[in-house]
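Below, chain A is the first sequence line, B the second, and so on; all start at residue 1.
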Amino acid sequence: MRIASFNVNSVRKRVPHIGRFLQKVQPDLLFLQELKCKTEECPTAEFRDLGYQVHAVGQPGGRNGVAVLSRIPFEVVCEALEGEAADDHARYIEVVAGGAHLAGIYLPNGNSGGAEGYAYKLRWMERLRRRAAGLLDRFQPLAILGDFNVCPTALDLAPGALPPTDALVRPKTRAAFQALCHIGLTDAVRALHPGNRIYTYWDYGPSFEANRGLRIDHALLSPELAERLVSAQVEIGPRAEEQPSDHTPLVIELA
DNA sequence: ATGCCTGTCGTAGACAGA
């Protein structure tokens, strides 16, 4: 099973990029983040023509938004992360496909909205940890893919790319990510590429050419799926295309 | 340390992103 994740920074602007990626890589499932549109505005026909069913979770106002595209049967388990009733951000989708729970996430950035914006990020990470722990307690195979907005260690950003106060690298952010891993989830890219500088995001402007990037898109795997992990690769091509997203896709292969 | 980018909303410029 091949599963991919791609923060597209507007799904409507990135239909050609997504289409080319699907045709080249042919993932069984692709999780999208930052749709930047309402649910009913998410393109579907273009992806159906390529053999993919679409389930989008959008939001009014042009912010956030997640979706799954799949060429295999799937069932949507939930469209929001439990634990905060008033939370209307479109940041979570969970499906069951191929016998596993697969979650696509767009974790809050945490740099806007002052102290409350950052507190929301930390609460969201704890809610994700609880959701994952509940599934692991029931021995459900689980993969969480998406834009985590966390550089887990110093290896995961170009030196000097972010100030140490940035919400993507603060100690509390990294601790929350570690807490998530320590319930029994494996960082797929790091498991197979322990010492490499690997990035999934480059700011618009000269950052890509200078390879001044961040590794903030991740795939975390439960023990059953980690044992089946064959490859975990960043697909760099889409970032070099015309009018790209600032992120590029991550692809994992499970035996 | 950010907004020299980009997208959305809405039709100027604020806000968010990371």
Q: Counting any heavy atom closer than 4.0 Å, what does A:D203 reach on the DNA or RNA strands: base, sugar-phosphate only, or nothing?
A: base

Q: For A:A161, report the nucleic acid contact type (base, sugar-phosphate, nothing); a contact means any heavy atom under 4.0 Å.
A: base

Q: What's A:Q243 touching, base or sugar-phosphate or nothing? Going by heavy atoms closer than 4.0 Å.
A: nothing

Q: Please determine if A:D87 and A:R123 form a salt bridge, counting it only when a charged side-chain N lies under 4.0 Å from a carboxylate O.
A: no

Q: When we call it a touch if two heavy atoms are under 4.0 Å apart, what does A:D147 touch: a base, just sugar-phosphate, or nothing?
A: sugar-phosphate

Q: Under 4.0 Å, counting only non-hydrogen atoms across every strand here, what does A:N64 touch: a base, just sugar-phosphate, or nothing?
A: nothing

Q: Just call it for A:Y106: base, sugar-phosphate, or nothing, with non-hydrogen atoms closer than 4.0 Å on any strand.
A: sugar-phosphate

Q: Under 4.0 Å between a side-chain N/O of A:H247 and OP1 or OP2 of B:dG17, yes or no?
A: no

Q: Nearest-Å distance, OH (A:Y118) to C1' (B:dG17)?
A: 17 Å

Q: Distance between the P atoms of B:dT6 and B:dG10, in whole angstroms?
A: 23 Å

Q: Would you say B:dG7 has OP1 or OP2 under 4.0 Å from some side-chain N or O of A:N9?
A: no

Q: Checking A:R239 against A:F208: charged group under 6.0 Å from the ring centre and within 45 degrees of the axis?
A: yes

Q: For A:D166, answer base if it contacts any base atom (sugar-phosphate contacts may also be present), sugar-phosphate if it contacts only those atoms, and nothing otherwise; contact means non-hydrogen atoms under 4.0 Å.
A: nothing

Q: State whether A:S10 places a side-chain N or O below 4.0 Å from either non-bridging phosphate oxygen (OP1 or OP2) of B:dT8.
A: yes

Q: For B:dC15 versus B:dC4, give the span between their P atoms, rounded off to a whole number of Å.
A: 14 Å

Q: If only side-chain N and O atoms count, and only distance matters, is there a donor-acceptor pair under 3.5 Å linking A:E235 with A:T248?
A: no

Q: For atom P, what is the distance between B:dA14 and B:dA1, given to the nearest Å?
A: 25 Å

Q: At under 4.0 Å between heavy atoms, what does A:R12 touch on the DNA or RNA strands: base, sugar-phosphate, or nothing?
A: sugar-phosphate

Q: For the aromatic rings, using the six-membered ring if either is Trp, is the centroid distance between A:H89 and A:Y120 under 6.0 Å?
A: yes

